[in-house]
Amino acid sequence: MDKVYDHKHVESKWYSFWENGGLFSPKSGRKYFSIILPPPNANGRLHIGHAMYVIEDIMIRYHRLLGDSTLWLPGADHAGILTQVVYERELEKKGQSRHHLGREEFFKQTYQFTQENKKQMYAQLRAMGFSLDWSREKFTLDTEISKAVYQTFKLLYDDGLIYQGNRMINWCPRCTTVLSDLEVSHTDKTSSLWYIKYPLKDSTDFVVVATTRPETMLGDAAVAVNPNDTRYKALVGKTAVLPLLNRDIPIIADSFVDQEFGTGAVKITPAHDPNDYEIGERHSLPKIQVIGMDDKMTKEAGKYVSADKYATRKQVLADLESQGLVERVERHRYNIGVCERCDTIIEPQISKQWFVAMNKTGKSGKTLAKDALKAVKSGKIKIIPERFEKIYYNWMGNLHDWCISRQIWWGHQIPVWYKEDEVYVGIEPPKGPGWFQDTDTLDTWFSSGQWPFTTLGWGQKDDSDFEKFYPTSVMETGYDILFFWVARMIMLGLYVTNDVPFKTVYLHGLVRDERGQKMSKSKNNVIDPLNVAGKYGADAVRMALVFGTGPGNDTNLGESKIRGMRNFTNKLWNVGRFIIDMKPEKIKPHPKKTKEDEEILEKLKRIKKLVTHGIENYHFGIVAEMLYNFIWHDFADKYVEHSKPRREDSQPILEEVFEEYLRLLHPFMPFITEDLWQRLPNKSGQSIMVSGWPKRN
RNA sequence: GGGCAUUUAGCUCAGUGGCAGAGCGCCUCGUUCACAUCGAGGAGGUCGUAGGUUCAAAUCCUACAAUGCCCACCA
């Protein structure tokens, strides 16, 4: 054995040994234990955050050692809008656009692109030592998965829970698609609040309204005041004249209006503001669309037609100014919605889209949000750390309907076909001529929201995996996608399978750099998992990610911590070298035990109990620390030193303690533990992976 | 506007009722003797502030402060 541990000689060798030996596939066992890997987006490489999958591998390897029938199923996500944006950028570099290619060719190329990324990503997962069952690998656009997704759409549609509606939605003018509420991020912005005079009809008086978006006034349908506002009592029911367009608009009373804000009178633009839309509905106001889907003014905007909306803002203000209708301008801080994927400012628009009803009860008697809320409240699903349950309740209790259609090309095309007035919803296209399919695509989270049961073959002829492994045991993922993904999986899982998709949700934190900053290429603080695993070993990276971290808390990871864990692997290696390579020639079989012998055996017993209890209760950070301290300080520093003058006596205990310890450490550091374990007497050729979890006694 | 979290050694963080911990860094000493990617020893903290509960508080409660994050349709 070399004096220094070299992971390069060890890691790929053992991974092939495990994989070729079929050790990642479930064997029959006393219980079922399953985790579905959160599918990474197939539009690039994995980053260090994905290496947090190590927590799943720890659970999986632990349960496999326990003798459970254990499945960890890998896959990848086509990631709708994001992948389309990424691939469009690729095309841009070549001076092309998706419109040059056309829908079919664009889809084909993007598919190819994701398949190449998948290969790279899977190589990265292998390099980290993840014991995934590759024979069951899935992609969200696989034929069988797509069929199941369509089946769910049809179920919801037939149940009255999916509907098409003309409603106010979030429109991204750059992506030219609608977005769900969740895909809109909000950022603070300082801008101006313009006070504009609207002349009263047949009067020389004015009513002054305040607005942050003067260009939308072209679509105004009313001026609203609070019914209790004494200042404006006399004006309600009168008519104002919209400047620039000289259109008559009513002055109405609505309790939504805040008397304290601005002048207490507000312009109402039902077609471009969610609140105004609501007020418009209550007062049957016309919805005048003045901003088109391309962010240019429509013909409703009169002389401003075809102009960009930001240019129009300037022009409108200049025109109002020239007529003396701008009373004053204030500085104003407010919140603006931007596209989560491309940062473009969202334009509220009215548009016909597909929605999933969150709070309506279907003919089946099921109600998506309520049922999903109940599953957690009743304890059928447990969220760790617990504080996220409160956040979940709060979100689940205040849901708007979920818009699931997207005007993009990449993804599952909506399974709805039209012919004249007929609508057909199904899994296969309808027979006969004249049908055309809805051109929209499903929200990517609609398909990933079904991942736990679609991957297990729900509804297929051979659904044995579903029978055995569903509900899955644990869903381990980042807290940042609790709403996007976890909540949707709970809703759709319960709806389709009548059972929860998983029993426990374990949420990990974000991986940040050494000083707690978010990793980004521009800050040059990104850690590439493959790079760093190549340098220090996958075992060291794995250990660094879990060592001393708690669930749901962000983890700060710098190279120094990984280096520290690399030193630990070397320490472990040398303990092994001492026991295995420098074995005494004569060994006494049954020596009298010294005080130190008794002590180390007692400590081993204790740590077995603590490690088992710790893993069962998801305290991975503490367990990692205990394992670290045991071998380094209790075993190497004290016991190994003590054993030196009496090797013939102590060798059996050294071997016994070391052997059991390797099995305890194996879920955390699979490569080095396998390598050392196989060097122990009578172990060669077997795998530590299936050697059984140490008994507690 | 609502909610959540964090605040512990120079740095990064564990620790949730019982004598203050780890990694990295720092200081001193030590390379025949498993390991210098090491060993032995050491310096360094009134556990954000102020109250309270308790035999006992970093840990539970209350208030405050700082920082971060999430959610939200006030023009």
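Basis for what follows: all heavy atoms, side chains included, without hydrogens, waters or symmetry-related copies. Note that the structure is a prediction, hence the values are computed from the model and not measured. In the text below, chain A, chain B and the rest are named by the order of the sequence lines, each starting its count at 1.
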Counting only heavy atoms from other residues, nucleotides and ligands, does the tally under 6.0 Å from NZ of A:Lys352 exceed 12? no
Determine the contact category for A:Asn335: base if any of its heavy atoms lies under 4.0 Å from a base atom, sugar-phosphate if only primed atoms, P, OP1 or OP2 are that close, otherwise nothing. base
Considering only B:A34, B:C35, B:G15, which nucleotide approaches the side chain of A:Lys3 most closely? B:C35
Whether A:Asn553 contacts B:A14 is assessed here as follows: a side-chain N or O lying under 4.0 Å from the phosphate OP1 or OP2. Is that the case? yes
Using a 4.0 Å heavy-atom cut-off across all strands, classify A:Glu641 as base, sugar-phosphate, or nothing. base
Out of B:A14, B:C70, B:A34, which nucleotide sits closest to the side chain of A:Glu625? B:A14
Heavy atoms from C-beta onward define the side chain here; which of B:C38, B:C35, B:A14 lies closest to that of A:Asn574? B:C35
Can you figure out which of B:A34, B:C4, B:C71 approaches the side chain of A:Arg387 most closely? B:C4
If B:A43 has a Watson-Crick or G-U wobble mate with both distances under 3.5 Å, name it; if not, just say none. none
In whole angstrom, give me the gap between the C1' atoms of B:A14 and B:A22. 7 Å
Residue pair A:Ile622/A:Phe578 against RNA chain B: nearer the 5' end by closest nucleotide is A:Ile622
Write down the distance between CZ (A:Phe635) and P (B:A34), rounded to a whole number of angstrom. 14 Å
Tell me which nucleotide among B:C35, B:U37, B:G39 gets nearest to the side chain of A:Arg577. B:C35
Validate the cation-pi geometry between A:Arg647 and A:Phe578: distance from NZ or CZ to the six-membered ring centre under 6.0 Å, angle to the ring axis within 45°. yes
Expressed in whole Å, how much space separates the C1' atoms belonging to B:C38 and B:G51? 50 Å
Does the ring centre of A:Phe568 sit less than 6.0 Å away from the ring centre of A:Phe668? no
On a whole-Å scale, what distance lies between the C1' atoms belonging to B:U6 and B:C74? 31 Å
Reference residue A:Tyr479; test side chain to side chain contact (heavy atoms under 4.5 Å, CB included); the match among A:Val486, A:Asn553, A:Val505, A:Leu510: A:Leu510
Can you tell me the Watson-Crick or wobble partner of B:U12, both distances under 3.5 angstrom? B:A22
Taking the P atom of each, how far is B:G18 from B:A58, in whole Å? 10 Å
May I have the distance from A:Trp194 (atom CH2) to B:A75 (atom C1'), rounded to whole angstrom? 13 Å
Nearest to the side chain of A:Phe547, which nucleotide is it out of B:C74, B:A34, B:G23? B:G23
Looking for any heavy atom pair under 4.0 Å, which part of the strands does A:Phe256 touch: base, sugar-phosphate only, or nothing? base
Distance in angstrom units between A:Glu215 CD and B:A75 C1', rounded: 13 Å
Side chain of A:Thr211 - closest among B:A75, B:A22, B:A34: B:A75
side-chain N/O A:Lys571 vs B:C38 OP1/OP2, d < 4.0 Å: no
Return the nearest nucleotide to the side chain of A:Ala636; candidates are B:A75, B:A34, B:C4. B:A34
Inter-nucleotide P distance (B:G25, B:C11), Å rounded: 16 Å
Go through B:C70, B:C24, B:U37 for me and flag the one nearest to the A:Asn570 side chain. B:U37
Taking any strand in view, what nucleotide pairs with B:C38 in a Watson-Crick or G-U wobble way, both distances under 3.5 Å? B:G30
On the 0 to 90° scale, with breaks at 30° and 60°, tag the A:Phe630-A:Phe635 ring pair as parallel, tilted or perpendicular. parallel
Roughly how many Å apart are B:G44 and B:G21, using the P atom of each and rounding to a whole number? 14 Å
Decide if atom CZ of A:Arg231 counts as having more than 12 heavy atoms of other residues, nucleotides or ligands within a radius under 6.0 Å. yes
Both A:Gly262 and A:Tyr5 contact RNA chain B. Taking the nearest nucleotide for each, which residue is further toward the 5' end? A:Tyr5
Just the rounded figure in Å: distance from P of B:U32 to NZ of A:Lys644. 13 Å
Counting only Watson-Crick or G-U wobble pairs whose two distances fall under 3.5 Å, which nucleotide matches B:C64? B:G48
Is the phosphate of B:C71 approached by A:Asn398 (side-chain N or O, under 4.0 Å from OP1 or OP2)? no
For A:Ala544, answer base if it contacts any base atom (sugar-phosphate contacts may also be present), sugar-phosphate if it contacts only those atoms, and nothing otherwise; contact means non-hydrogen atoms under 4.0 Å. nothing
Students often get this wrong, so: under 4.0 angstrom with heavy atoms, is A:Asp276 touching a base, only sugar-phosphate, or nothing? nothing
Under 3.5 Å on both distances, the Watson-Crick or G-U partner of B:G1: B:C71
Among B:G39, B:A72, B:A75, which nucleotide sits nearest the side chain of A:Trp632? B:G39
Integer-rounded Å distance: B:C71 C1' and A:Glu183 CD: 16 Å
Contact class for A:Asn394 (heavy atom, under 4.0 Å): base, sugar-phosphate, or nothing? nothing
If pairing means Watson-Crick or G-U wobble with both distances under 3.5 Å, then the partner of B:A57 is none
With rounding to whole Å, what would you report as the distance between B:C71 and B:U12 at their P atoms? 27 Å
Classify the nucleic acid contact of A:Val209 as base, sugar-phosphate or nothing, counting any heavy atom under 4.0 Å across all strands shown. nothing
Regarding A:Thr187 and A:Lys189, do their side chains bring together a donor and an acceptor under 3.5 Å, going by distance alone? no
I'd like to know whether NZ of A:Lys603 has more than 12 heavy-atom contacts from other residues, nucleotides or ligands below 6.0 angstrom. yes
Measure the distance from CE on A:Met543 to P on B:U12 and round it to the nearest whole Å. 22 Å
C1'-based separation of B:G68 from B:G48 [nearest Å]: 15 Å
Rounded off to whole Å, could you give me the NZ-to-C1' distance for the A:Lys390 and B:C70 pair? 14 Å
Mind checking if A:Tyr628 touches a base, just sugar-phosphate, or nothing, with heavy atoms under 4.0 Å? sugar-phosphate
Do A:Lys377 and A:Tyr393 form a cation-pi contact, if we require the NZ or CZ to be under 6.0 Å from the six-membered ring centre and within 45 degrees of the ring's axis? yes
To the nearest angstrom, how far is A:Asp480 atom CG from B:G68 atom C1'? 15 Å
